[in-house]
Colleague: 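Pasting a structure below so you can have a look.
In the text below, chain A, chain B and the rest are named by the order of the sequence lines, each starting its count at 1. The shown structure was predicted, so the numbers you read here are calculated from the model rather than taken from an experiment.
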Protein chains: 2
Amino acid sequence: MKSREDIRNHLRRQRLLADGMTQQDLADRVGVTRQTILSIEKGKYNPSVGLAMRLAQVFGIAVEELFELGEGGGHD
Amino acid sequence: MKSREDIRNHLRRQRLLADGMTQQDLADRVGVTRQTILSIEKGKYNPSVGLAMRLAQVFGIAVEELFELGEGGGHD
DNA sequence: TGCGAATGTATATTAAGCTTTACATAGTGT
DNA sequence: ACACTATGTAAAGCTTAATATACATTCGCA
């Protein structure tokens with residue numbers, strides 16, 4: 001049973017590393033609302049790859065450094 | 001004017017490099033339907049980062065090697 | 001002590017990812 | 001000619017990402 005995606009992210013850590021960038025600042029830079037950033041940080045959902053890449057780009061890191069799969073082995 | 005995401009992908013190329021893996025095989029390995037793979041290949045949409053990472057993992061490459069942002073500069 | 005800035009919670013609504021089913025076309029082999 | 005496999009198209013439906021709005025909390029600061 002793996003209906004929920006189970007993805008970890010280091011958004012908050014990176015924001016803090018980036019001179020304490022706020023959720024709103026980050027949202028503006030990638031073109032989404034603050035709610036979206038907050039929900040991703042809280043693990044409430046699994047963003048599109050486009051958004052994920054823009055986020056990683058803001059921090060100058062790879063997508064895989066910002067998001068991690070749950071490593072449940074298979075896909076189910 | 002970049003409301004639509006505009007993401008390029010190298011899914012087909014990678015499939016062919018991977019010994020001609022079929023859309024169905026790939027779909028099975030990442031746990032989605034063939035339609036989903038086809039639609040992504042055709043650029044009809046922008047998968048979730050979870051799926052993008054599983055796809056990249058199948059080919060042993062980074063997400064950024066499989067998907068590319070439109071490079072429109074900003075987010076609009 | 002009260003204001004503003006940053007984060008969190010809640011809920012309702014819209015947009016888009018993904019599934020399911022069904023059919024159509026092109027290539028391959030017998 | 002017929003069957004089989006891989007790919008493409010299309011539409012209906014479900015689930016979830018993302019928006020919008022509103023309010024609550026904590027903190028620093030004038």
Side-chain angles (χ1 to χ4, degrees), chain A residues 1-59 63-64 66-70 72 74-76, chain B residues 1-59 63-64 66-70 72 74-76:
Chain A
M1 49 180 67
K2 197 216 68 197
S3 40
R4 259 316 152 283
E5 269 287 3
D6 183 29
I7 288 184
R8 289 188 295 278
N9 74 84
H10 306 299
L11 223 42
R12 164 142 342 197
R13 184 215 293 171
Q14 288 297 325
R15 262 179 50 229
L16 299 180
L17 286 174
D19 201 37
M21 172 186 294
T22 70
Q23 292 175 343
Q24 184 66 64
D25 286 340
L26 182 53
D28 291 344
R29 291 179 68 171
V30 298
V32 295
T33 65
R34 184 175 71 84
Q35 296 309 316
T36 298
I37 299 297
L38 178 50
S39 294
I40 295 171
E41 276 194 14
K42 290 275 170 181
K44 294 200 178 171
Y45 50 66
N46 186 357
S48 66
V49 70
L51 176 51
M53 289 176 84
R54 279 180 279 143
L55 288 167
Q57 195 171 262
V58 164
F59 298 119
V63 171
E64 286 86 351
L66 195 53
F67 297 94
E68 290 178 40
L69 286 178
H75 54 266
D76 182 26
Chain B
M1 50 184 78
K2 199 211 68 195
S3 37
R4 260 319 149 279
E5 271 288 1
D6 184 28
I7 288 185
R8 287 188 296 278
N9 74 84
H10 306 298
L11 222 42
R12 164 142 344 200
R13 185 215 294 170
Q14 287 297 325
R15 261 178 51 229
L16 298 181
L17 285 175
D19 200 37
M21 173 186 292
T22 70
Q23 293 174 342
Q24 184 66 64
D25 285 340
L26 182 53
D28 291 344
R29 290 179 70 168
V30 298
V32 295
T33 66
R34 184 175 69 86
Q35 295 311 313
T36 298
I37 299 298
L38 177 52
S39 294
I40 295 171
E41 275 193 14
K42 289 276 171 180
K44 294 201 177 170
Y45 49 64
N46 186 359
S48 66
V49 72
L51 177 51
M53 290 175 83
R54 278 180 280 143
L55 287 166
Q57 196 172 261
V58 164
F59 297 120
V63 171
E64 286 85 351
L66 195 53
F67 297 94
E68 290 179 39
L69 286 178
H75 55 265
D76 175 53

Colleague: Val32(B) side chain: which of dC18(C), dG8(C), dA18(D) is closest?
Modeller: dC18(C)

Colleague: Would you indicate which nucleotide in dC18(C), dA22(C), dT19(D) comes nearest to any side-chain atom of Tyr45(A)?
Modeller: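 From the listed options, dT19(D) comes nearest.
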
Colleague: Tell me: CG of Asp25(B) to P of dA6(D), nearest whole Å?
Modeller: 7 Å

Colleague: Could you tell me the separation between the CD1 atom of Ile40(A) and the C1' atom of dG8(C), rounded to a whole number of Å?
Modeller: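 Value for this atom pair: 16 Å.
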
Colleague: Using a cut-off of strictly less than 4.0 Å, decide whether Lys42(B) has a side-chain nitrogen or oxygen near OP1 or OP2 of dG8(D).
Modeller: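 Answer is yes, contact under 4.0 Å.
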
Colleague: Quickly work out the Lys44(A) NZ to dT9(C) P distance and round it to whole Å.
Modeller: 6 Å

Colleague: I need the Ile40(A) CD1 to Gln23(A) CD distance, nearest 0.5 Å.
Modeller: 10.5 Å

Colleague: So, is Gln23(B) close to the dT5(D) phosphate, meaning a side-chain N or O under 4.0 Å from OP1 or OP2?
Modeller: no

Colleague: Using whole Å, report how far CD1 of Ile37(B) lies from P of dT20(C).
Modeller: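 So the CD1-P distance, Ile37(B) to dT20(C), works out to 14 Å.
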
Colleague: Find the distance Leu38(A):CG to dA22(D):P and express it as a whole number of Å.
Modeller: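 Rounded to whole Å, this separation is 18 Å.
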
Colleague: Out of dT9(D), dT7(C), dG8(C), which nucleotide sits closest to the side chain of Glu41(A)?
Modeller: dG8(C)

Colleague: Just how far is it from atom CG of Leu51(B) to atom CG of Asn46(A), taken to the nearest 0.5 Å?
Modeller: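 Going from CG on Leu51(B) over to CG on Asn46(A), the span is 8.5 Å.
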
Colleague: With a cut-off of less than 4.0 Å, is there a side-chain N or O of Thr33(A) near OP1 or OP2 of dA20(D)?
Modeller: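 It does not, given that no N or O in the side chain of Thr33(A) lies less than 4.0 Å from OP1 or OP2 of dA20(D).
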
Colleague: Please give, in whole Å, the distance from dT19(D) C1' to Arg34(A) CZ?
Modeller: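 Answer to the nearest Å: 13 Å.
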
Colleague: Look at the side chain of Arg12(A) and decide which nucleotide, out of dG8(C), dC18(C), dA10(C), has an atom nearest to it.
Modeller: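 Nucleotide nearest to Arg12(A)'s side chain: dG8(C).
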
Colleague: Find the distance between NZ (Lys42(A)) and CG (Leu11(A)) and round it off to the nearest 0.5 Å.
Modeller: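 Interatomic distance, Lys42(A) NZ to Leu11(A) CG, rounded to 0.5 Å: 12.5 Å.
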
Colleague: Quick one: on DNA chain C, does Gln35(A) or Ser48(A) contact a more 5' nucleotide (nearest heavy atom)?
Modeller: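 Upstream on the strand: Gln35(A).
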
Colleague: Decide whether Thr36(A) and Ser39(A) meet the rule of one side-chain donor and one side-chain acceptor closer than 3.5 Å.
Modeller: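 No, no side-chain donor-acceptor contact under 3.5 Å.
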
Colleague: Between Arg13(B), His10(B), Arg15(B), which is the residue that forms a side chain to side chain donor-acceptor pair (under 3.5 Å) with Glu41(B)?
Modeller: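 It is Arg15(B), the one option of Arg13(B), His10(B), Arg15(B) that forms the side chain to side chain donor-acceptor pair (under 3.5 Å) with Glu41(B).
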
Colleague: Of the nucleotides dT19(C), dG8(C), dA18(D), which one has an atom closest to the side chain of Thr36(B)?
Modeller: dT19(C)

Colleague: Taking atom P of dT16(D) as reference, at what distance in whole Å does atom CG of Leu51(A) sit?
Modeller: 18 Å

Colleague: Could you tell me how far apart Gln24(A) (CD) and dA18(D) (C1') are, to the nearest whole angstrom?
Modeller: 15 Å

